[in-house]
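So the structure is just underneath, and the comments pick up after that.
Here is how names work: the chains are called A, B, and so on, in the same order as the sequence lines, proteins then strands, and each is numbered from 1. A quick note: this is a predicted structure, and the numbers were derived from the prediction, not measured.
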Amino acid sequence: MNNIFEGNYKGIRKKYFQIILALIIFFIVIAAGLIIYIYNSQNELQEESEVIINKTEAIEEIEKTLNEILFRARGYYAFQSEFELEQLYINLDRLKSKLNNFEEFSLSDEELELKNDVEYFYDNYTNNLLPLAISYVEQNDYESLRELSNNGNNSNINDFLQYTEKFKEESQNRYDDITNQIINQSNKYKIYMFLFSTLILLTFLIIIAYILKGIVYPIEKLSEANKKLINGKKVELRLSNRKDEIGILENSFVEMTKIVQEKEEELILQNEKLLSQQNKSKEQQQVLQQYLIEIESMTQALDQSTNVCITDNNGLIIEVNDNFCKSTQYKKEDLIGKTPRILKSGEHTSQFFKNMWTDISSGKVWKGEIKNLKKDGSNLWFNATIVPYTDVKGISYKYILIGVDITKTKETQKQLITSLNETDIIRERLEGYNQFNHSLTYTLNKLKFLDLVFNYLNTSFDFDKSIIWLQKEKSYFFKGLSKDKASEIMQDNIDYIIPRLKEDKYFYIKRKSNSDEIGIAEEEFYCYDYYFAIFDAGNDVEAVFAATKIESVLEGDEIEEINGLMKQLSLAFGRIVLYEESQRDRELNQNIIDNVNEGIQFVSPEGEIIQYNNALQDLMELSNFEDDSMKIKENWIEFFTKDSKEKDELDKFFRQMINSKTNSKKTIYYSVLRDDERFIELYAINVFDNEEKTGTIFVYRDITREHEIDQMKTDLVSTVSHELRTPLSSILGFTELLLKKDQKPDRQRKYLEIIYKESTRLTNLINDFLDLQRMESGKQKYKLEYLNMNEIIMDVILSFKNKENYNISLIDNSKNTEVHMDKDRIIQVLNNLISNGIKFSPEGGDIIISLDNYKDKLKVMVKDKGIGIPEQEIPILFQKFKRVDNSSTSDVGGTGLGLAICKEIIEWHEGNIWIDSKEGEGTEVHFTLPLYDNNSNDIDENFTKINSINKPNIMIVEDDISLSLLLSEELKEKGFTVINHYNPKKAFEEALNTPLAGMVVDLMFEEEMKGWDLIKKLKENKSTKNIPIIISSALEKQIENIQKYEIQEYLVKPYPSSELSKVISKFLKTHKDSGSIMYPKDN
Amino acid sequence: MKKILIADDEAILRMLISDSLEDLDIILEEAEDGEIALSKIKNNDYDLVILDYMMPKLTGIDVLDNLSEEKKSTMDIMMVTAKTQESDQKIIREKGANYFMSKPFSPIELYEIVEGILNE
């Protein structure tokens, strides 16, 4: 126990010793200090009083001496006695020595002054006065002497004497003070000493009290606890924190108490246990006795209520009770000595008995239900318990069977199971039927419906073969049949089945089995074919169900059930038909609504969207209509109005229409600003059903296009007005000036020129404007021809030959220039472009026109080296009335429509037109047109390949030499050998001798023989009739002859020579393909 | 001598106006487009400016928009235009033109109006 405190153990003795020692030292120090202090202050006062006494004495001495001096001086003066003089000198010396004595004290300022005065007096008196006085005395000059003494030389002395009196008095006072102080101090010291002794006394009292508390109180507490402990009361003590002897004592006591208490509790517990054990054994004894009684009564009850049979270990019955006999109907004598096997029913397997025997022979109790047979052969069920009797070694020597007759229960149980099974079957069927009905109700598709019916009938009535079909649609389902057979049934028997069904609603046919049905069976048997119908509302057969039962029949109630079902199905079928019709109607309606260009929206009287169409979604750019929240009034109104300029009016319009109950129609126009501004015409009308409002229809029509056209029209009218009024102003103005004012002749001429020019401009403007208007509205009629662009360009260039300052030339880089075009319009384009080039090259210069093939297009470029066009203005040049803002163009005076017209024309020809320009360098206008024969380039290549080996002969029969040469050049270039003939007769002769790939024939000849004659001859001759002929003539086509002579191609002069080679290469290719090409002999 | 500016992009019309006014004792200046007109008006003190409505670079209205009210109050402005609708005329007036002449116009009438303006 003590070990706990070992580390920081503090002895109680040591502790109190330390306290007392500290106190003693403290008091000694204080007392010593006090004594020293008292001694010192007393001493000080003593010393001071001594000094005062000495000083007083010294001053008294000085006074005495001074009085002596004065006395002796007067004596001398009066008596002129030498003795007196001598005494005077002695006293003067004495004064000197007294002064020196006085000087040794520490002097105050006043005392120092006094001393100095006396010294001065001494010096003055010794050195001046006395010798002077002596001399006066010797001379007996008392007059002077009296004067001298009256001069006040003695005043210092008198002051001093006076002061001496005062000083003495003060010293006396001070001395008295000090004496009083000493007395007071000693009184004070007495009080100090008293207080000090009281403090010591108190301190010791406190220490004693502390010691008492630290030691006596815990001891008292312990002794009290001890008393309690002795009296057996519970003691609760905590471990002490103290680390001294008392602490150890306390803690030891606490430990001890704890141990004592624990031991005591243990004892009490053990005691209680013993007591309860005693009680228990008493109770057990009672229970055992009770058991005995119960067992006895139970045995009796058992014997009366149960069947008991006891066998020996061999299984021979040695005892049965009356109940057993009664149950089994055997007599006791019949049973004793037999095995229970006489009761065996055959219900249980031998394994069952084997298991039972294993159990009981090993000493286990067996429980189970056993079926036996009574003597009369009826069933006897036992709920049996077989208990083996075992000896000490655990070997069974006797078995007792206790059986309760449960025969009745068993029978009831059996019946119950049977009826449960039946119920289950009925339930299943009902469920199936319910499900079927449910499916029927929710099936809105005829085929699915048919399938359901078919499956239901088959599962419910177990047909061997069956088919169901729709009479109109001929859709069907079948089972147990081949497909061919199925359609055979449907079609072949229709004449019989349908009318009979109409009449009888259903029927069946009993027939002998056919070979398929017999299969491997040995004999024929009967089959039944049943026919049922589903009727529509007009009592026409909608569907037929035909089914076969082999070797079995449908019971009467089954047939009734099927008939009932068929009636039900008729109704359901009618419903489907109706549904399909309404569905079709709805789809049709929705399709109509969706395909309308206008957005349509139908809202309920509460303002909720009920229906809408695709156009509305597109128009509102609304993808989230599927989200139902958009259908709520506030949401869609907010959405529909939010981008509108006329937001408030539109909002008001919606709300007014929704709230209005009249059948008024209203229209509002508004604009919506999303990506671009759209103008919408909104038309609304309320819809009524029997004077009750069912909703409001809003129809949205996008009139942006109309609005734009309207705007464009207004702009155009304004522009045209300006464009027309400007030349008109000049014409009218200058005419008025001419008419109303006299003008000089040259001015008159100038004015007239202007009027003429402006009138022309006005005319051009109107013409251009009308042209453009016609083209834009699609009313312009185009006369299309296949023409070569190079020739047209040359013609146009010729028409500008009077422009001397301008050198207009064509650079032709193209192989193919044939375009399907309206010549006049293309000339108009070229004229416009060349005029522009001239206009915008005020200083003259080259205007170059070039031609290029680019893929399947012909590209024309008109290039000038004029003033050019600022880059930012290029894009607007093709717009109407847009001219280049350039001060140097202000005199040009175009209509501002030229390029717009060009664009219209070129685009009509499926071409493109564009401008490249650099300000100050010139402008290039390009346009493309599709080539007539855009494959010509490819053909040329193929053609060249063929002819690098064989050069086909072509004969040209033409009397215009220059043309003939031109054509030959062209054909030679393309790789033909050309034979020229001017005379048709000669040409024919040569054709007979030379193989020709083709002939080019003119029709007009000055000879007797004309072109047609030649052709006729050629076609009549066997060896020349297959030569392809191309007519090259200025005459119009003669369709009749062309067909008659199978003319390959008819070229109307003038045509570009390239056209000829192109035509030839084309048919040469076709001939090769058909295998009838003719090649010339090698020359 | 009174100073008049004629701003029109059509040289013929400028000639027509100046010939119409040739009997007046005035100094005539010309401008070929809106920009030139604007800078001339800013740098000179004209008594009358005859402005064409439709001009390249700056229209007659643009020119007026670029002039201070103070400047406009120091001179008379006549707008010559093909626009004859009242709504257009209203805008022209609001922009500060106090005379309005629609195309085509009579040179004699122009002369009389200008004479009247200058004598005011």
Side-chain angles (χ1 to χ4, degrees), chain A residues 714-744 746-748 750-762 765 869-870 872-873 876-877 881-896, chain B residues 6-24 30-37 39-40 50 52-62 78-89 91-92 100-114:
Chain A
T714 316
D715 288 352
L716 190 68
V717 167
S718 147
T719 315
V720 169
S721 150
H722 172 85
E723 294 290 332
L724 292 175
R725 278 166 193 272
T726 303
L728 261 178
S729 296
S730 306
I731 294 164
L732 282 171
F734 286 110
T735 313
E736 196 178 310
L737 283 179
L738 278 173
L739 287 173
K740 302 222 168 149
K741 272 175 80 182
D742 290 333
Q743 307 283 0
K744 288 174 196 162
D746 60 330
R747 206 175 227 205
Q748 284 182 5
K750 192 178 156 197
Y751 283 2
L752 282 171
E753 273 171 2
I754 290 171
I755 291 166
Y756 175 72
K757 204 174 130 192
E758 288 297 290
S759 303
T760 316
R761 179 175 157 195
L762 198 56
L765 183 63
I869 302 159
Q872 70 274 13
E873 306 208 12
I876 62 160
L877 284 174
F881 301 114
K882 295 288 178 189
R883 270 166 291 195
V884 182
D885 275 351
N886 189 320
S887 50
S888 58
T889 65
S890 51
D891 290 328
V892 170
T895 61
Chain B
I6 302 167
D8 198 311
D9 56 321
E10 296 272 347
I12 293 168
L13 276 178
R14 290 202 301 273
M15 186 177 137
L16 177 63
I17 294 169
S18 63
D19 283 5
S20 306
L21 303 177
E22 68 182 345
D23 293 345
L24 289 169
E30 295 186 7
E32 297 87 49
D33 63 45
E35 262 179 24
I36 298 169
S39 77
K40 283 202 162 180
I50 300 174
D52 186 23
Y53 185 94
M54 243 190 234
M55 279 189 292
K57 294 186 181 167
L58 290 176
T59 66
I61 293 290
D62 293 338
M78 177 186 285
M79 186 72 87
V80 182
T81 174
K83 292 199 185 270
T84 50
Q85 284 187 354
E86 271 193 28
S87 58
D88 296 322
Q89 293 187 17
I91 293 169
I92 289 164
F100 176 88
M101 180 74 79
S102 70
K103 287 184 188 175
F105 55 87
S106 151
I108 308 295
E109 209 180 305
L110 177 71
Y111 174 86
E112 283 164 1
I113 293 170
V114 172

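Looking at every heavy atom in both residues, Gly733(A) comes nearest to Leu16(B) through C-CD1, 3.5 Å. The two residues Ile12(B) and Ser730(A) come nearest to each other via the heavy atoms CG2-OG, 3.4 Å. Across all non-hydrogen atoms, the minimal contact from Leu732(A) to Pro104(B) is CD1-CG, 3.3 Å. In terms of heavy atoms, Pro107(B) sits closest to Leu737(A) at CB-CD2, 3.8 Å.
Under the side-chain hydrogen bond (donor to acceptor under 3.5 Å, both in side chains) criterion, Glu35(B) pairs with no residue at all, not counting sequence neighbours.
The line from CG of Leu739(A) to CD1 of Ile108(B) is 9.5 Å long, rounded to the nearest 0.5 Å. Expressed to the nearest 0.5 Å, how far CZ of Phe105(B) lies from CZ of Arg725(A) amounts to 12.5 Å. In this structure, the separation between CD1 on Ile754(A) and CE on Met15(B) is 3.0 Å, given to the nearest 0.5 Å. If you take OG on Ser729(A) and CE on Met101(B), they are separated by 10.5 Å, rounding to the nearest 0.5 Å.
Two residues are said to be in side-chain contact when any heavy atoms from C-beta on lie closer than 4.5 Å; Lys103(B) and Leu728(A) fail this criterion.
Heavy-atom distances place both the backbone and the side chain of Asp19(B) under 4.5 Å from chain A.
Atom CG of Asp746(A) is surrounded by more than 12 heavy atoms from other residues, nucleotides or ligands within 6.0 Å.
Heavy-atom pairs under 4.5 Å with chain B peak, among Gln743(A), Lys740(A), Lys741(A), at Lys741(A).
Taking a cutoff of 4.0 Å between a charged side-chain nitrogen and a carboxylate oxygen, Glu22(B) and Lys744(A) do not qualify as a salt bridge.
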